[in-house]
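What follows is one structure encoded as structure tokens, with my remarks underneath.
Side chains are part of it too, since the values below use all heavy atoms of this structure and drop only hydrogens, waters and symmetry mates.
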Amino acid sequence: MRVSVHAAQTRLPELLDAARAGEEVIIADADRPAVKLVPVTRSGFRFGGLEHLAGTAPDFLEPMSEEDLHLWEGGDECNR
């Protein structure tokens with residue numbers, strides 16, 4: 001299907017349906033093909049799809065325990 005820019009402005013919902021159905025829709029500007037409407041393909045990927053595998057993250061804003069702080073500062077676990 002080939003339509004003018006003016007026709008596309010007035011028939012856009014119809015053209016979108018045609019493109020989604022697999023029809024090639026070309027919009028012409030001054031009788032020269034300008035754009036082709038094609039449907040967007042959707043993948044099965046979604047963000048956050050693996051959150052059940054991640055577990056919980058530590059709260060990095062929470063203060064350290066005295067023992068962890070001692071070890072962090074280079075203290076030896078045996079000399080405590």
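Counting heavy atoms from C-beta outward, E67 and H70 have side chains that stay 4.5 Å or more apart. Taking 4.5 Å as the limit, every side-chain heavy atom of E23 sits out of range of all side-chain heavy atoms of L15. Residues L37 and I27 are in side-chain contact: their nearest non-hydrogen atoms beyond the backbone lie under 4.5 Å apart.
Applying the side chain to side chain donor-acceptor pair (under 3.5 Å) rule to R2 yields no partners; only residues at least two apart in sequence or on another chain are considered. Considering only residues two or more places apart in sequence or on other chains, D59 meets the side chain to side chain contact (heavy atoms under 4.5 Å, CB included) condition with L61, E62. Under the side chain to side chain donor-acceptor pair (under 3.5 Å) criterion, E24 pairs with no residue, sequence neighbours left out. Partners of T41 by side chain to side chain donor-acceptor pair (under 3.5 Å), not counting sequence neighbours: none found. Not counting sequence neighbours, D29 has no partner by the salt bridge (charged side-chain N to carboxylate O under 4.0 Å, His left out) test.
Considering all non-hydrogen atoms of both residues, I26 and P33 come closest at CG2-CB, 3.8 Å.
There is no path of hydrophobic side-chain contacts, each under 4.5 Å, that joins V38 to M1.
Residue pairs that meet the salt bridge (charged side-chain N to carboxylate O under 4.0 Å, His left out) test with at least one member in residues 8-18, sequence neighbours left out, are R11-E14, D17-R20.
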